[in-house]
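Comments concern the structure below.
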Amino acid sequence: MRKMLTAAGALALACAAAAAQAAPLPAPARAEVDALLARLQTSGCQFNRNGSWYSGAEAKDHLLRKLDYLERKDMVKNAEQFIDLGAAASSSSGKAYMVKCGAAAAVESKAWLTAELKAIRAR
């Protein structure tokens, strides 16, 4: 019984330590990331990851999960880091994500998102 309590206590401490390390994006950076993902969702563009094309809404959902992971690991502090670490390439295959809008040629998501971030900041 004592071993179970000790193990439970250790698990609780580990969870608390993990939660203490997690850091959400600062509010201005989160607003920029949210604006980027909203633009992707409503753009009508398609998003390619690992050889399959997805809608902007599906891409947004996927990238929000990646953002959550990066925040839990305290790996991202601004929109540029989010683009570089979460929205530029697949963490499993290393392949660059692509964005294709209409009949235009597909471009790497890093370039597309960086241009959109610049436009967001310019307004």
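In what follows, every heavy atom counts, from backbone to side chain, and hydrogens, waters and symmetry copies are set aside. A quick note: this is a predicted structure, and the numbers were derived from the prediction, not measured.
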I need the full list of disulfide bond (SG atoms under 2.5 Å apart) pairs touching residues 40-123, with sequence neighbours left out, sorted by first then second residue. Cys45-Cys101

Same cluster or not: Leu113 versus Met75, using hydrophobic residues (I, L, V, M, F, W, Y) connected whenever any side-chain heavy atoms lie under 4.5 Å apart? yes

So, using side chain to side chain contact (heavy atoms under 4.5 Å, CB included) as the criterion, who are the partners of Ala115 when residues are at least two apart? none

Please check if Leu36 and Tyr69 belong to a single hydrophobic cluster, counting links between Ile, Leu, Val, Met, Phe, Trp and Tyr side chain heavy atoms closer than 4.5 Å. yes

All salt bridge (Lys or Arg N to Asp or Glu O under 4.0 Å) counterparts of Lys95, not counting sequence neighbours: none

Excluding sequence neighbours, so at least two apart, what forms side chain to side chain contact (heavy atoms under 4.5 Å, CB included) with Ala57? Gln41, Ser55

Taking side-chain hydrogen bond (donor to acceptor under 3.5 Å, both in side chains) as the definition, give me every residue that meets it alongside Gln81, ordered by chain and number, with sequence neighbours left out. none

Identify the heavy atoms of Ala89 and Lys66 that sit nearest to each other, and give their distance. O-NZ, 2.9 Å

Does anything in residues 28-49 pair up under ring pair (Phe, Tyr, Trp, His ring centres under 6.0 Å), and if so which pairs, sequence neighbours excluded? Phe47-Tyr97

Could you report the tightest heavy-atom contact between Met98 and Trp53, atom names first, then the distance? O-CZ3, 4.1 Å

Are there over 12 heavy-atom neighbours, none belonging to Glu108, within less than 6.0 Å of that residue's CD? no

Which residues pass the side chain to side chain contact (heavy atoms under 4.5 Å, CB included) test with Ser92, not counting sequence neighbours? Asn50, Ser90

So do His62 and Arg65 actually touch side chain to side chain, heavy atoms under 4.5 Å? yes

Any side-chain heavy atom of Val76 sitting closer than 4.5 Å to one from Val33? no

Per the salt bridge (charged side-chain N to carboxylate O under 4.0 Å, His left out) rule, what does the pair list look like for residues 37-57, sequence neighbours excluded? Arg39-Glu116

Sequence neighbours excluded, every pair satisfying ring pair (Phe, Tyr, Trp, His ring centres under 6.0 Å) that has a member inside residues 102-121: none

Membership question, hydrophobic clusters at under 4.5 Å side-chain separation (ILVMFWY): are Val99 and Ile120 in the same one? yes

Between Leu117 and Glu32, is any pair of side-chain heavy atoms under 4.5 Å apart? yes

For Ser91, the side-chain hydrogen bond (donor to acceptor under 3.5 Å, both in side chains) test, sequence neighbours excluded, returns none

Inter- and intrachain pairs under salt bridge (charged side-chain N to carboxylate O under 4.0 Å, His left out), touching residues 82-91, at least two apart: Asp84-Lys110

Check for me, please, whether Tyr54 and Leu40 land in the same ILVMFWY cluster - side-chain distances under 4.5 Å, paths through other members count. no

Mind checking what makes side chain to side chain contact (heavy atoms under 4.5 Å, CB included) contact with Arg30, not counting sequence neighbours? Leu25, Asp34, Leu64, Leu67, Glu71

Hey, what do you get for CG (Asp68) to CG (Leu63), rounding to the nearest 0.5 Å? 12.5 Å

